[in-house]
Protein chains: 2
Amino acid sequence: MNSISNLVDIYRLTNRKITPQRLAIFNVLDSNTDHPTAEEIYEQVKSQIGNVSLKTVYQTLNELESLNQIQIIDVGTGTSRYDPNVNQLHHHLVCQNCSKVKDIELDISGEMLKAFSQNSGEFKIDRVEVVIRGLCEVCLGKGSSKQSEL
Amino acid sequence: MNSISNLVDIYRLTNRKITPQRLAIFNVLDSNTDHPTAEEIYEQVKSQIGNVSLKTVYQTLNELESLNQIQIIDVGTGTSRYDPNVNQLHHHLVCQNCSKVKDIELDISGEMLKAFSQNSGEFKIDRVEVVIRGLCEVCLGKGSSKQSEL
DNA sequence: AGCTAATTAACAATCATTGTTATAATATAA
DNA sequence: TTATATTATAACAATGATTGTTAATTAGCT
Ligand SMILES: [Mn+2]
Ligand SMILES: [Mn+2]
Ligand SMILES: [Zn+2]
Ligand SMILES: [Zn+2]
């Protein structure tokens, strides 16, 4: 994602208005590495500026995606995650216990494409997404038996 | 997935009843490589035995997953896909035009783990899922301009 | 300050999936 | 083969994430 002042420029140039809601959403996303859900962003924005609607959050997030400022990722946890990291190719670690999502840098193109071309007949690759599932550092530390505690 | 007669045995051994609905669902899944949705399975079962409810289809599919007979995959198309291929490690190609899902065999563990251990601190890997997005053979043939036709 | 297009909030709607429950069907033993 | 216990089914309501609708509000410009 671009800097907030760049976003403001982009918004002005595309006839979009700079509202407190949008600015607060930009702020929450800026340098965020947590892969928050829309609901989480909504809560943070609300604590910053008092009033937003969840609909506005969704609208702005979809808008930012279509401006290529964020990516919307679905790692199978039931809700979409919003990721401002679009400049650096990366993949994701997903904790099966706490559902936290972390970035991981992986260059798989080499071996990938080699094995792939042997296997797949015709298929024009646009992108490759890797999700690694397991237990994060925190949940490992707690011991996996903690999973079933309430 | 096991053979249908094996499934019948498993069901009997675990105090489950063999119903026409379940048998029809087994049949639809048997050797199926289409990664159908619950709705699609429901339609096929309906054309075989006349009456089922979608709820029964979901129930049976979840049951088969917990018996490790199928896997439920989510490739971000908005609906879960049901895959009887659980004995052979594999990944998925997803067509961005027609949403078809195809199996692909890829052994990424080597390079993967190497790059990974350099990058990720502590994380206990359970499984690695790769989704390759692009255009399938059919949609390539039609030319990508067909995408916007109605 | 006033105009106008864009934005917001409130609310309803959607879609996939799951919960509830009264009825029906299977397995098994008399 | 019929009765019985138990599991499964269908119908329907409910859920949760996301999107649609619209009347009221606001940003950006004059
Ligand atoms: Mn990321
Ligand atoms: Mn598959
Ligand atoms: Zn964790
Ligand atoms: Zn296709």
Side-chain angles (χ1 to χ4, degrees), chain A residues 4-5 7-26 28 35-43 45-46 48-67 70-83 99 101, chain B residues 4-5 7-26 28 35-43 45-46 48-67 70-83 99 101:
Chain A
I4 294 182
S5 65
L7 284 185
V8 169
D9 292 344
I10 292 171
Y11 265 60
R12 291 247 159 82
L13 284 171
T14 55
N15 282 331
R16 292 176 226 259
K17 299 188 170 172
I18 305 302
T19 64
Q21 289 83 355
R22 282 172 171 176
L23 272 175
I25 293 168
F26 296 172
V28 170
H35 304 88
T37 63
E39 191 81 36
E40 287 164 349
I41 294 166
Y42 167 70
E43 291 299 336
V45 168
K46 213 165 48 170
Q48 279 186 33
I49 63 166
N51 64 324
V52 222
S53 81
L54 192 50
K55 182 71 201 303
T56 299
V57 172
Y58 275 111
Q59 268 170 198
T60 303
L61 292 170
N62 287 330
E63 189 170 56
L64 285 169
E65 189 204 28
S66 70
L67 293 166
I70 65 173
Q71 61 174 323
I72 304 180
I73 66 178
D74 176 0
V75 292
T77 48
T79 49
S80 296
R81 310 254 171 183
Y82 298 85
D83 187 349
S99 294
V101 178
Chain B
I4 294 183
S5 66
L7 283 185
V8 168
D9 291 344
I10 292 171
Y11 265 59
R12 290 246 159 81
L13 284 171
T14 54
N15 281 330
R16 292 174 224 260
K17 299 186 171 174
I18 304 302
T19 64
Q21 289 83 357
R22 282 172 171 176
L23 273 176
I25 293 167
F26 296 171
V28 170
H35 306 86
T37 64
E39 192 81 36
E40 287 164 349
I41 294 166
Y42 168 70
E43 292 299 336
V45 168
K46 214 165 48 172
Q48 278 186 34
I49 64 168
N51 64 324
V52 222
S53 81
L54 192 49
K55 181 69 200 302
T56 299
V57 172
Y58 275 110
Q59 267 169 197
T60 304
L61 292 170
N62 286 331
E63 190 170 58
L64 285 169
E65 188 204 29
S66 71
L67 293 167
I70 65 173
Q71 61 175 323
I72 304 180
I73 65 178
D74 175 0
V75 291
T77 48
T79 49
S80 296
R81 310 251 169 183
Y82 298 85
D83 188 349
S99 293
V101 178

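Everything numeric here is computed off the predicted structure, so don't read it as measured data. Here is the naming used below: chain letters follow the sequence lines, and residue numbers restart at 1 for every chain.
The phosphate of C/dA9 (OP1 or OP2) has a side-chain N or O of A/Asn51 nearer than 4.0 angstrom. Look at A/Thr56 and you'll find a side-chain N or O under 4.0 angstrom from OP1 or OP2 of C/dA9. Put simply, A/Arg22 has a side-chain N or O that comes within less than 4.0 Å of OP1 or OP2 on C/dT7.
Taking each heavy atom of A/Tyr11 and A/Thr60 in turn, the nearest pair found is OH-CG2, 4.1 Å. The two residues B/Tyr42 and B/Ser53 make their nearest non-hydrogen contact at CE1-C, 3.8 Å. Nearest heavy-atom pair across A/Gln21 and A/Ile49 is CA-CD1, 3.8 Å. When all heavy atoms are compared, the tightest approach of B/Val57 to B/Ala38 is CG1-O, 3.8 Å.
Distance, A/Gln21 CD to C/dA10 P: 11 Å, rounded to whole Å. Regarding B/Tyr11, its OH atom lies at a distance of 14 Å from the C1' atom of D/dT9, rounded to whole Å. Computed from coordinates, the A/Phe26 CZ to C/dT7 P distance equals 10 Å when rounded to whole Å. Atom CD1 of A/Ile25 and atom P of C/dT7 are 12 Å apart (whole Å). As rounded to whole Å, 13 Å separates atom C1' of C/dA9 from atom NZ of A/Lys46. A straight line from CG of A/Asn15 to C1' of C/dT7 spans 13 Å, rounded to a whole angstrom. In this structure, A/Leu61 atom CG and D/dA17 atom P are separated by 15 Å, rounded to whole Å. Rounded to whole Å, atom C1' of C/dA10 lies 11 Å from atom OH of A/Tyr42.
Using a 4.5 Å heavy-atom threshold, the side chains of B/Arg81 and B/Thr37 count as touching. Using a 4.5 Å heavy-atom threshold, the side chains of B/Asp83 and B/Ile72 count as separate.
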What one-letter contact string describes nucleotides 15-26 of chain C from 5' to 3', where B marks a base within less than 4.0 Å of any protein heavy atom, S marks contact via sugar-phosphate atoms alone, and - marks no contact? -SSBBB----BB
Between B/Leu23 and B/Val8, is a side-chain contact (heavy atoms from CB on, under 4.5 Å) present by the stated rule, with each step listed? CA-CA 8 Å; B/Leu23 273 176; B/Val8 168; 4.1 Å; yes
